[in-house]
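Take a look at the structure set out below.
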Amino acid sequence: MPMEKNFDAASAEARISSLWQERKVGAAGANARAGSPAFSIMIPPPNVTGSLHMGHAFNNTLQDILIRWHRMRGHDTLWQVGTDHAGIATQMVVERELAKSGAPSRRDMGREAFLAKVWEWKDQSGGTIINQLKRLGASCDWDREAFTMSGNFPDAVTKVFVDMYNKGLIYRGKRLVNWDPHFETAISDLEVENIEVAGHMWHFKYLLAGGESYEYIERDAEGAVILRERRDYISIATTRPETMLGDGAVAVHPSDARYAAIVGKMVHLPLCDRLIPIIADEYPDPTFGSGAVKITGAHDFNDYQVAKRAGLPLYRLMDTRGHMRSDGAGYDVAVARAREIAAGAEATESEIDALNLVPEKYRGMDRFAARDAVVADINALGLCVSTLMTEIDPETGSEHLTREPYVESKKIMQPFGDRSKVVIEPMLTDQWFVDTAKIVGPALDAVRSGATKIMPESGEKTYFHWLENIEPWCISRQLWWGHQIPVWYGPTSLNLAGKEFCGATEQDVANEAKAYYGNILKTEINVEFPSEEFFAEIGVGDDGRDAAMAISFNENGSHTIRLRRDPDVLDTWFSSGLWPIGTLGWPDQTDELAKYFPTSTLITGADIIFFWVARMMMMQLAVVDDIPFKTVYLHGLVRDAKGKKMSKSLGNVIDPLEIIDEFGADALRFANAAMASLGGTLKLDTARIAGYRNFGTKLWNACRFAEMNGVWEGHSTETAAPAAHATANKWIIGETAKTLAEVNAALEGYRFDQAADALYKFVWGKVCDWYVEFAKPLFDGPDANETRKTMAWVLDQSMILLHPIMPFITEDLWGQTGARAKLLVHTDWPEFRLDLVDPSADQEMSWATGLIDEIRSARTQMHVPVGLKLDMIAVTMSDAARAAWGRNEVLIKRLARIETLTQGTSPKGAISIAVEGASFALPLDGVIDIAEEKARLSKAMDKLAKEIGGLMGRLNNPAFVASAPEEVVDEVRTNLEARNDEATKLTLALNRLAEMG
RNA sequence: GGGCGGUUAGCUCAGCGGUAGAGCACUACGUUGACAUCGUAGUGGCCACUGGUUCGAUCCCAGUACCGCCCACCA
């Protein structure tokens, strides 16, 4: 049955994909030869919520290319697949789904029920992206699919937490953290995007207490006085007026002469019945604004540091949703206590945190509404540093003076949650941290020493820079979907301080608690893990974890200690940070762990170098004292054809599945490989994908031609190149060997683009453009059998070499041609060498193709009809040229459309052709336009003259001859000789034309 | 403000001390024994700018301009 005219991607991909899955071609170790090296890649786990986008398609194409290449080479290969539970993202999606379907909200249904919903959702749609990976042709070990919340993963995560806790690498503390008021959770620094927005800065007066005043002197840069006045206030500036309610002080720089006299004095905090001190601190910049800064320790990272240094109380103003607090006692009570504390009364951190110093008026207001209210109220008090401004009415054009609160419009950098897109609030809360400073060392050393290599090299600089300045990593999240922190809190009771217990299992924790409480009680203790309801009952909320919990006395005289588990979950990146060992079965010492770890290569987006790569490095080194991967390949974001980021709002998102539907997975994969140059930007153009689809068609049809000519008939697949006699066969065998070497070298160096390029040029430029054409006459000649064998071999090699990049079409072709022992996916990668290259065959073919090019070019320019066969005259011919002609006559004649070749002189009205060692004439009396031929030859002469000029110039420069390497000089000399030879021939031809007039 | 990268044909990108490359687009011709998802032949480049190193620079170095990305607490 003859082959179809075109590759049917849609049906072939479905058929081949299921064939591969049935045969488990991607199973760990499949096609491995005994004693071969291991090669392993961990897939960057996509979010279970996700679907395949172009970044995934690109990233996974590269991984699959490497995996298939190594697998075909007989290496013991593992491509570990799996998905990430993606805490915030998944919780967000499920909450949205619930809202859409009118189900009760997360809070209404409670933690347990909500988590059941998430699992339900995960089970029903979590497989989407896995199936999409299959459509791309990814050859993972599907049976090993992992999930960061399943299998051994929860245990592994818990064990790591407990170990790190016990080593003092994880600690809990009340810190100022980035708080997302939408998701009501802390997030890490990395999850905050600082974006420049149009903002405002207000200037307020804080009046000195007791009606005091001072002389304020402003000087210019030269020290000359430019302003001198008595002031009873200090001027401060802020972009966030609502936070002034929590101010603890006003700070000025110690060297700032303007305020030296009032440092230590108190000022009235507007809108609040509190006095705060003016303090000196290095932080304020005297040259910026008024030089005085209000200090709100609980709502600003800089102020927090100042407050810590000065021992100022940290007054929290907002609740978890970013509304002004409405909890706790009334304002009067709170402010009275705050005054006592200011006067020196002892107060614990948690007591201060419990104080709600938001005046009643603002309580419950959204932070932005509170901002407006505070500004309005301060303005009403006349405490805005205001200025008379001339306002022009845009309609009447009349001018009038207004007194406006002094507000500058300016660009400010504002922090936004990368998921929620709401403004992040610095918030004082209890959180868990990894003491990264303690584990960063080995991660730095591993890259410095080259144990782990990051490509491109610029990635290493980024990596170093971040790790050298690393901040503690906030790993607790106030979410429900995730790995719950394995810490339980015991009550303060029976003369014992409350205590936290960290353990891998509830039993471990129970034992620890028994030991702690039991030693005192000397009686049996039942440790129970109470429910949320229990805590609701005894009135302990989230913030009450340290408070006395519960201890109940049972009737029989024993005591029941109730421990409460920390409700927080871990940052998703904490668990995905363990992906390499976790997926291999750790903490069990599995065979896979022994074989495939450390993994060979990580291919991932440069955007998650900090989130993931650096953390995997730190975590793996901290936990198993080994690097997670030897090579890290970082790539950029896939952009659209114009270089724009793909985004839904821009409407320029290219869906890889639509591309696969339209052009086939192979075309997309080839395009991905072709644009994967190291460090470049990735601009994806569908025109380019179409081009590579065409490339597939081209290969398909070359095979179709071969099949029609029965090249595979009677031959089983041969791995060794056939012995060839015909120059064209020798040549294409050599070209195949060169291509193999190029592809190997390219993939070795992660130059997917060069591998793709080499294959494209070989298959299209050599095999299809020349070899198939040569084969046509050869099939009718004495070398027919050899040519068939050669063509079968060359096309087999083409399929093999292309398979890692274009697996579907090559597997399909493999099945439709020849008798095959194995599927192509498991066929051995060839090992032939460059000694298959025959230099004399190479030279001869380049002479022949050069001659054909010249003749074709001349014919076209002279408007010789394509179908017209010409007789050609050899005017001069060297022995070498004569021999080359002799061996390739049939090919040249056919491709150049030459009828006969005779010896002779150039007749009147002929086209002249000059090549190395020979000159020819195509008699076309009456057919050609002499003027046109003259122009053609002149143009060629001009080009030659320019080249000759350049070459002569170099040779005439004594410095060049003296300093340049000998081979370069020689090359220039031989080059010049050849060009001169051609020029002579062309001159002769031109002279002849001149004679004819 | 700091760091990194880019600037090569109309477009998207390779290249790299020794005569500028590919794909797409464009022009002309073409039902040539696989392929119109094609063939043949062409058009098209002061390789951003200015200096320096060198026998020789698109390539190395320094600076300038423009563009992009990452990081950063100026109230």
Side-chain angles (χ1 to χ4, degrees), chain A residues 3 5-7 189 194 201 236-240 251 283-285 287-296 300-305 412-413 415 426 456 458-459 461-462 465-466 469 606-607 609-610 636-637 639 641-643 645 663 667 674-675 677 679-681 683-685 687-688 690-709 753-754 757 760-761 765 768-769 772-773 775-777 779-780 853 856-861 863 865-867 894-895 897 946-948 950-951 953-954 957-965 967-969 971-972 975 979:
Chain A
M3 284 170 61
K5 214 166 167 183
N6 285 310
F7 173 60
D189 306 353
N194 291 300
M201 189 156 76
I236 60 96
T238 181
T239 55
R240 308 197 45 202
Y283 164 62
D285 174 359
T287 65
F288 183 82
S290 70
V293 183
K294 65 189 264 308
I295 300 300
T296 318
D300 182 281
F301 287 99
N302 288 312
D303 292 6
Y304 180 75
Q305 296 302 330
I412 55 171
M413 291 299 276
S458 61
K461 290 182 188 167
T462 314
H465 184 258
W466 189 69
N469 298 287
D607 52 329
I609 183 169
F610 308 137
L637 243 51
R639 293 153 184 285
K642 295 191 189 97
K645 226 172 180 170
F663 301 105
M675 58 181 191
S677 63
T681 46
K683 295 185 195 171
L684 187 69
D685 189 349
R688 202 164 170 189
Y692 295 128
R693 182 267 325 268
N694 299 353
F695 173 66
T697 307
K698 192 75 184 172
L699 171 74
W700 180 270
N701 279 289
C703 292
R704 179 166 177 262
F705 168 79
E707 203 263 350
M708 284 165 68
N709 284 280
D753 58 326
Q754 290 179 352
D757 191 51
Y760 190 96
K761 285 183 170 141
C768 294
D769 286 351
V772 168
E773 296 306 321
K776 287 171 184 173
F779 281 157
D780 298 331
D853 281 342
R856 281 172 166 175
S857 176
R859 287 177 62 121
T860 313
Q861 285 178 65
H863 313 295
V866 174
R894 184 191 174 93
L895 270 67
R897 307 230 123 209
K946 212 176 141 195
E947 278 183 49
I948 289 168
L951 293 167
R954 285 158 74 186
N957 179 357
F960 170 73
V961 182
S963 321
E967 63 267 28
V968 173
V969 180
E971 200 190 319
V972 171
N975 230 330
R979 293 297 94 82

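Just so it is clear: chains get the letters A, B, ... in the order the sequence lines come, proteins before strands, and each one is counted from 1. We use all heavy atoms of the structure for the numbers below, so side chains are in, but hydrogens, waters and symmetry mates are not.
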Polar side-chain contact A:Glu773-B:A34 base: donor and acceptor under 3.5 Å
yes
Determine whether a donor-acceptor pair (one donor, one acceptor, N or O, separation below 3.5 Å) exists between the side chain of A:Arg693 and the base of B:U37.
yes
Base-pair map of RNA chain B as dot-bracket, where | denotes pairing with a different strand and pairs are Watson-Crick or G-U under 3.5 Å:
(((((((..((((....[..)))).(((((.......))))).....(((((..]....))))))))))))....
Give the nucleotide from the list B:C4, B:U37, B:A72 with an atom nearest to the side chain of A:Asn194.
B:A72
Determine the Euclidean distance between corresponding P atoms of B:G44 and B:G5; express it in Å to zero decimal places.
36 Å
Smallest separation among heavy atoms of A:Arg856 and A:Leu895, with atom names:
NE-O, 3.4 Å
Rounded distance in Å - CG (A:Asn694) to P (B:C24):
8 Å
Taking the same atom, C1', in B:G1 and in B:A20, what whole-Å distance lies between them?
40 Å
C1'-based separation of B:C61 from B:C24 [nearest Å]
36 Å
Could you work out the separation of B:G52 and B:A57 based on their P atoms and round it to a whole Å?
11 Å
Please confirm whether any donor atom in the side chain of A:Lys698 sits under 3.5 Å from an acceptor in the base of B:C35, or the reverse.
yes
B:A41, B:A34, B:G39: which one has an atom nearest the side-chain heavy atoms of A:Val772?
B:A34
Counting the atoms with a prime plus P, OP1 and OP2 as sugar-phosphate, which does A:Cys768 contact under 4.0 Å by heavy atoms, base, sugar-phosphate, or nothing?
base
Interatomic distance at P, B:G39 relative to B:U19, whole Å:
30 Å
Which atom of A:Asp303 lies closest to which atom of A:Tyr283, heavy atoms considered
OD1-CE2, 4.1 Å
Which nucleotide in B:C73, B:C55, B:C29 has an atom nearest any side-chain atom of A:Asn302
B:C73
With a 4.0 Å cut-off on heavy atoms, is A:Gln861 in touch with a base, just the backbone sugar-phosphate, or nothing at all?
sugar-phosphate
Rounding to an integer number of angstrom, what distance separates B:A25 and B:C11 when you compare their C1' atoms?
7 Å
Which of B:U19, B:C73, B:A34 is nearest the side chain of A:Tyr283? It is B:C73
Quick one: are A:Val293 and A:Phe288 in side-chain contact, heavy atoms under 4.5 Å?
no
Looking for any heavy atom pair under 4.0 Å, which part of the strands does A:Arg859 touch: base, sugar-phosphate only, or nothing?
nothing
Of all the nucleotides listed (B:A34, B:A75, B:C29), which has the minimum atom distance to the side chain of A:Ala237?
B:A75
Expressed in whole Å, how much space separates the C1' atoms belonging to B:C74 and B:C4?
24 Å
Using atom C1' in both nucleotides, what's the gap between B:G15 and B:U58 to the nearest angstrom?
10 Å
Just to be sure I understand the rule, does A:Pro958 reach a base, reach only the sugar-phosphate, or reach nothing, if contact means heavy atoms closer than 4.0 Å?
nothing
RNA chain B nearest-nucleotide lookup for A:Ala959 and A:Asp757: closer to the 5′ end is A:Asp757
What nucleic acid atoms does A:Phe695 come within less than 4.0 Å of, heavy atoms only: base, sugar-phosphate, or nothing?
nothing
Assign A:Lys5 to base, sugar-phosphate, or nothing according to its heavy-atom contacts below 4.0 angstrom with the strands shown.
sugar-phosphate
